[in-house]
Amino acid sequence: MKKVIMSLLSLSLFAGIAVGCTSDQDKTAKKSKESKESTEVTSGASANGYTDLSELEDQYDIVIIGAGGAGMTAALQAKEAGMNPAILEKMPVAGGNTIKSSSGMNASETKYQKAEGISDSNDKFFEETLKGGKGTNDKELLRFFVDHSADAIDWLDTKGIELSNLTITGGMSEKRTHRPSDGSAIGGYLVDGLVRNVKEEKIPLFVNANVTEITEKDGQVNGVKVKLNDKETKEIKSNAVIVTTGGFGANKEMLEQYDPKLKDYVTTNQEGTTGDGIKMIEKLGGATVDMKEIQIHPTVQQDKSFLIGEVVRGEGAILASQEGTRFVNEMDTRDKVSAAITALPEKSAYLVFDQGVRDRAKAIDFYDEQGFVVEGATIEELAKKIDMPEAALKETVAQWNKEVQAKSDTQFNRATGMDHDLSTGPYYAIKIAPGIHHTMGGVKINTKTEVLKEDGAPIKGLYAAGEVTGGLHGANRIGGNAVADIIIFGRQSGTEAANFASAHK
């Protein structure tokens with residue numbers, strides 16, 4: 001347990017590192033935050049927003065299971081609707097997989113796109129996501145998703161969470177990936193902002209509170225059973241329950257059950273992503289969808305199972321084989337890029353980029369601190385350090401720079417992430433290979449986020465949002481859509497659960 005706690009705390013501290021401090025006041029706040037989170041190892045609660053378990057009441061209007069991005073968003077929306085929600089999180093810190101998010105949040109027709117003269121549309125976002133999902137996406141969920149994406153960006157703005165810096169991810173034709181203004185990783189920034197708002201709204205957020213069962217009476221959900229600090233179990237009553245527990249990307253048994261080929265893959269998921277919510281909902285008769293659709297992310301540092309965000313490629317990096325040559329359109333969808341890497345003799349490759357990419361993708365500074373980044377003053381020096389043929393890599397980069405200038409990738413038809421060439425030394429490389437990243441399958445919901453039974457009827461009083469659900473992404477998730485998913489459907493679940501709870505008080 002100690003290992004899990006320390007691992008999660010290190011991720012919380014990454015949040016502060018990734019966002020960056022812009023003033024002495026920010027630096028002081030960061031030091032204070034780190035000190036308070038260190039005390040959390042022994043206390044189980046934090047002045048950063050967590051509520052002491054002794055304050056857990058017997059009843060709330062709405063119980064939310066899981067304190068990732070979807071759960072905290074749902075709680076804030078329910079509070080706005082006049083409800084008294086509570087969040088229960090089984091891990092020692094809030095954030096879930098959200099804190100590990102890197103690239104950004106996709107949205108179309110936003111004010112930030114318009115300010116940069118980007119002509120995007122919800123219809124284009126819909127069609128490109130549908131194509132990325134191989135046409136198997138739930139079209140009703142997808143339509144709701146794209147049509148409410150700009151509103152979600154605006155809503156975050158009202159919470160002091162501004163995502164004004166634009167980049168692009170694989171499978172997209174427009175810059176619709178929104179991230180913090182300094183270009184840093186979105187995960188820590190988003191989680192810090194949501195926790196801050198939860199605290200300001202006085203919404204109780206309990207950690208070390210493991211929900212083991214969703215209870216029901218007369219065909220209607222009426223609360224949960226929760227185990228506190230791995231000891232006592234308590235039953236909490238509520239008029240509605242929202243499940244935001246994430247997927248099952250860290251559950252080896254479930255992964256093997258649905259795709260035995262993934263047995264030896266590393267996973268980028270945090271330790272708590274074990275499919276608990278899916279299992280509890282199945283016991284209530286809830287249906288699941290797309291459970292075999294498990295996404296492999298192409299760029300994962302293998303030693304620490306750490307995802308290297310798509311933003312690195314979006315800002316101009318290329319992928320090179322051990323032979324020093326490009327072998328794929330780096331901005332193709334994740335399944336295709338992963339397959340191309342796996343087809344190489346070494347089943348691994350290198351992200352190669354220059355100082356310009358590093359300046360635009362601030363998360364690289366954190367990757368460097370973790371020991372992932374190799375540096376060379378010149379292309380030849382970099383090649384030597386990573387045991388690549390020097391002439392081959394030099395020629396590859398030179399050819400790439402010509403193609404960027406001509407805006408035409410004659411080798412692999414890459415059309416995005418070509419705004420800048422790789423001509424500003426020093427040069428860098430990160431060794432990567434594919435790893436388990438996201439489970440597209442989960443419980444079946446409708447656009448009201450109601451959890452559905454096999455016959456399509458909703459389970460009364462039960463809602464779900466985020467990676468615990470299935471259908472939205474189809475057979476392949478587009479980078480940047482998961483963060484949009486948790487905010488858009490997190491908000492919807494909070495609103496709809498509040499309507500139900502209010503009508504059933």
Side-chain angles (χ1 to χ4, degrees), residues 12 15-16 19 29 32-33 36-37 40 44-89 91 93-96 98-99 105 148 151-163 180 186-209 211 224 226 236-245 449 463-466 483 486-502 505:
S12 292
V19 173
S32 174
K33 172 179 176 288
K36 289 170 183 174
E37 287 187 330
E40 179 183 290
S46 169
N48 192 34
Y50 308 148
T51 311
D52 194 277
L53 289 173
S54 65
E55 298 179 32
L56 183 62
E57 298 177 6
D58 296 329
Q59 184 162 357
Y60 295 92
D61 293 333
I62 301 169
V63 166
I64 298 159
I65 312 172
M72 290 189 283
T73 298
L76 289 167
Q77 195 71 60
K79 184 76 171 185
E80 284 183 32
M83 291 294 104
N84 172 34
I87 310 171
L88 303 177
E89 168 59 52
M91 301 303 286
V93 293
T98 304
I99 205 167
M105 172 178 167
H148 290 80
D151 288 343
I153 293 289
D154 292 342
W155 181 81
L156 286 172
D157 270 359
T158 69
K159 305 300 179 186
I161 304 170
E162 182 181 293
L163 302 178
I186 190 174
Y189 177 75
L190 181 58
V191 168
D192 281 356
L194 290 173
V195 170
R196 181 184 69 249
N197 278 275
V198 165
K199 182 182 178 183
E200 289 173 355
E201 294 296 333
K202 295 181 172 54
I203 299 170
L205 193 171
F206 301 95
V207 295
N208 297 309
V211 174
V224 301
V226 56
I236 311 297
K237 297 297 183 184
S238 66
N239 297 317
V241 171
I242 304 174
V243 183
T244 56
T245 51
T449 69
Y463 300 82
V483 176
I486 63 176
I487 303 301
I488 293 165
F489 287 106
R491 291 186 68 203
Q492 178 72 336
S493 67
T495 297
E496 293 296 332
N499 290 339
F500 184 91
S502 178
K505 275 192 174 183

Heavy atoms of M83 and S502 approach each other most closely as CE-CB, 3.9 Å
So CD of E162 and CD1 of I153: to nearest 0.5 Å the spacing works out to 10.5 Å
Residue set satisfying side-chain hydrogen bond (donor to acceptor under 3.5 Å, both in side chains) with D157, at least two apart, ordered chain then number -> K111, Y112
Would you say Y463 and I62 make side-chain contact, with heavy atoms under 4.5 Å? no
Validation row: P180, I186 side chains within 4.5 angstrom (heavy atoms) | yes
Side chain proximity check, T98 to V483, heavy atoms < 4.5 angstrom
no
Here the gap from T245 atom OG1 to I65 atom CD1, rounded to the nearest 0.5 Å, amounts to 7.0 Å
Exercise. Would you say the side chain of N239 lies within less than 4.5 Å of the side chain of F500, judging by non-hydrogen atoms?
Worked result: no
Looking at E80 and R491, is any side-chain nitrogen of the basic one under 4.0 Å from a carboxylate oxygen of the acidic one? no
- Message: Test side-chain contact (heavy atoms from CB on, under 4.5 Å) on M72 and V195; report intermediate values, then the result.
- Response: CA-CA 7 Å; M72 290 189 283; V195 170; 3.5 Å; yes
In short, D61 meets K505 closest at the heavy-atom pair OD1-CE, 3.4 Å
A152 and I488 have their tightest heavy-atom pair at CB-CG1, 3.8 Å
> Would you find a donor on one side and an acceptor on the other, under 3.5 Å apart, between the side chain of T51 and the backbone of L205?
Replying inline: yes
- Side chains of M105 and I486: closer than 4.5 Å at any heavy-atom pair? no
Any donor-acceptor pair under 3.5 Å from Y60 side chain to I236 backbone: no
Rounded to the nearest 0.5 angstrom, the CZ-OG1 distance for F489 and T73 is 13.0 Å
Between the CG atom in L194 and the CD1 atom in I487, the distance rounded to the nearest 0.5 Å is 5.5 Å
**Prompt:** Would N197 and I161 count as a side-chain contact (heavy atoms from CB on, under 4.5 Å) if you check the C-alpha gap in whole Å, the side-chain angles of each, and the deciding distance to 0.1 Å?
**Reply:** CA-CA 10 Å; N197 278 275; I161 304 170; 4.3 Å; yes
In terms of heavy-atom contacts, A465 and A70 come closest through O-CB, 3.9 Å
Any chance you could lay out the side-chain contact (heavy atoms from CB on, under 4.5 Å) test for L163 and L190, step after step, and finish with the verdict?
CA-CA 9 Å; L163 302 178; L190 181 58; 5.6 Å; no
Practice task
List the steps, then state whether side-chain contact (heavy atoms from CB on, under 4.5 Å) holds for V93 with V207.
Solution key: CA-CA 6 Å; V93 293; V207 295; 5.6 Å; no
In the structure I gave you, are the side-chain heavy atoms of V226 and L56 within less than 4.5 Å of one another anywhere?
yes
In short, A67 meets E89 closest at the heavy-atom pair N-OE1, 2.7 Å
Please check: side-chain N/O of T244 versus main-chain N/O of G66, any donor-acceptor pairing under 3.5 Å? yes
For V63 and S238 the tightest heavy-atom approach is CG2-CB, 3.8 Å
So CG of N84 and NZ of K79: to nearest 0.5 Å the spacing works out to 6.0 Å
